[in-house]
Amino acid sequence: MPGKPKRILILGGTSDARELASRLNADEEFFPVTSLAGLTSTPEPLDGETRSGGFGGVAGLHRFIEDHAIAAVVDASHPFAAQISANAATACEETEVPCLRLERPAWEAQEGDDWTIVPDVRAAAFTIPPEARAFVTVGRQEIGHFFSRDDIFVLARMIERPDIDVPAWAELMLARPPFTLQQEKTLMVARDIGVLVTKNSGGDATYAKVAAARELGLPVIMVARPVKAGVASARDVDGLIALLEEGTA
Ligand code: NAP
């Protein structure tokens with residue numbers, strides 16, 4: 001008789017987390033509990049159990065792991081979500097529960113790319129030359145850095161409306177990836193874009209804009225990923241499940 005499934009806490013907010021929840025839900029050895037930050041009003045459906053909202057720092061996450069008999073934590077949060085990853089590493093150390101990271105590889109510049117790599121979103125906003133027409137895809141939380149540049153045009157694309165006002169020199173575009181190469185090229189040409197600003201998110205769903213910039217000969221301001229805690233990690237769901245089987249055996 002198979003034993004009780006092991007409860008795996010997935011720190012979500014990414015398509016990889018969603019895929020992992022679906023795979024674990026179909027596996028009788030595991031039961032996925034996905035946690036979302038609660039910032040998106042209409043998150044896509046997830047298999048298994050879900051919860052939403054912050055835990056209340058390391059102490060809250062520590063309590064959650066104990067109260068819900070979590071056998072392992074998979075940090076499948078976005079590469080740019082630095083705080084929750086740090087909290088997970090610490091809470092797992094404290095509770096002696098394995099912490100694994102699922103992180104798709106970063107994009108790498110290839111021939112024909114013209115990238116300026118910057119350390120964070122704020123630096124990206126300062127790097128845009130005056131008078132430029134910028135296509136900015138850094139999400140809604142940090143878009144304010146660009147809205148305060150009244151000397152440029154900003155095409156700001158994001159999934160949900162930001163909490164701040166959109167200034168007259170910016171255009172807001174609400175859309176959910178994936179986008180095709182042709183869609184991205186058409187958009188960039190139609191808005192007469194001169195520079196693309198993006199986080200180095202990695203993965204396929206949002207890569208078309210980078211390929212489009214290359215094909216159109218446009219420069220890219222690429223925000224580098226923050227450095228995260230050194231926990232055992234996998235680049236895809238198959239690799240993560242193999243780690244999980246070893247780590248919880
Ligand atoms: P963050 O800076 O790392 O986290 C800020 C706080 O939000 C955390 O301390 C935690 O609150 C709460 N939080 C974050 N992720 C959570 C989760 N999965 N479950 C429960 N609480 C969570 O995160 P962020 O950059 O604001 O990102 C928030 C969420 O959006 C993440 O789940 C991330 O995967 C997703 N996301 C982020 C980006 C990005 O560019 N940053 C892009 C796409 C998706 P407490 O301390 O109270 O626990």
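For the numbers below, each heavy atom of this structure counts, side chains included, while hydrogens, waters and symmetry mates do not. Just so you know, ligand 1 is whichever comes first in the structure, and atom 1 is the first atom listed for that ligand.
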Enquirer: Side chain, backbone, both or neither: which part of Ser201 has a heavy atom under 4.0 Å from ligand 1?
Expert: neither

Enquirer: For Ser35, counting its heavy atoms only, list the atoms of ligand 1 lying under 4.0 Å from any of them.
Expert: 17 (C), 18 (N), 19 (N), 20 (C)

Enquirer: Heavy-atom distance to atom 27 (O) of ligand 1: which of Pro226, Ala81, Gly38 wins?
Expert: Ala81

Enquirer: Of all residues at least two apart in sequence or in a different chain, which pass the side chain to side chain contact (heavy atoms under 4.5 Å, CB included) check with Arg161?
Expert: Leu172, Leu174

Enquirer: I want to know if ligand 1 touches Gly12 in the polar sense, i.e. an N/O pair below 3.5 angstrom.
Expert: yes

Enquirer: Do Leu240 and Val73 land in one hydrophobic cluster if side-chain heavy atoms of ILVMFWY residues count as linked below 4.5 Å?
Expert: no

Enquirer: Would Val166 end up clustered with Val138 when hydrophobic side chains under 4.5 Å apart are linked, directly or stepwise?
Expert: yes

Enquirer: Can a salt bridge be assigned to the pair Asp47 and Arg23 using a cut-off of 4.0 Å between side-chain N and carboxylate O?
Expert: no

Enquirer: Using heavy atoms and a 4.0 Å limit, tell me yes or no: is Ala17 in contact with ligand 1?
Expert: no

Enquirer: Quick check on atom 30 (O) of ligand 1 - does any protein heavy atom sit closer than 4.0 Å to it?
Expert: no

Enquirer: Give the atoms of ligand 1, by number and element, whose distance to some non-hydrogen atom of Ala82 is under 4.0 Å.
Expert: 3 (O)

Enquirer: Restricting to side chain to side chain contact (heavy atoms under 4.5 Å, CB included), what partner residues turn up for Thr180, sequence neighbours left out?
Expert: Gln182, Gln183

Enquirer: At under 4.0 Å between heavy atoms, which part of Arg51 makes contact with ligand 1: side chain, backbone, both or neither?
Expert: side chain

Enquirer: I need the contact type for Thr40 against ligand 1. Using non-hydrogen atoms and a strict under-4.0 Å cut-off, is it side chain, backbone, both or neither?
Expert: neither

Enquirer: Is at least one protein non-hydrogen atom found at under 4.0 angstrom from atom 3 (O) of ligand 1?
Expert: yes

Enquirer: When clusters are formed by joining ILVMFWY residues with side-chain heavy atoms under 4.5 Å apart, either directly or through shared neighbours, do Val223 and Ile117 land in the same one?
Expert: no

Enquirer: Please determine whether a side-chain nitrogen of the Lys or Arg among Arg157 and Glu184 lies less than 4.0 Å from a carboxylate oxygen of the Asp or Glu.
Expert: yes

Enquirer: For ligand 1, find out whether one of its N or O atoms is nearer than 3.5 Å to an N or O atom of Gly56.
Expert: yes

Enquirer: Side chain, backbone, both or neither: which part of Leu39 comes within less than 4.0 Å of ligand 1 when only heavy atoms are counted?
Expert: side chain

Enquirer: Under 4.0 Å from any heavy atom of Gly54, which atoms of ligand 1 are there?
Expert: 11 (O), 21 (N), 45 (P), 47 (O), 48 (O)

Enquirer: Only heavy atoms count here, so choose which of Lys228, His78, Gln141 is nearest to atom 26 (O) of ligand 1.
Expert: Gln141

Enquirer: If you measure every N or O of Ser85 against every N or O of ligand 1, does any of those distances drop under 3.5 Å?
Expert: no

Enquirer: Which ligand 1 atoms, with their elements, are less than 4.0 angstrom from a heavy-atom of Gly57?
Expert: 45 (P), 46 (O), 47 (O), 48 (O)

Enquirer: Any atom of ligand 1 sitting under 4.0 Å from a heavy atom of Gly139?
Expert: no

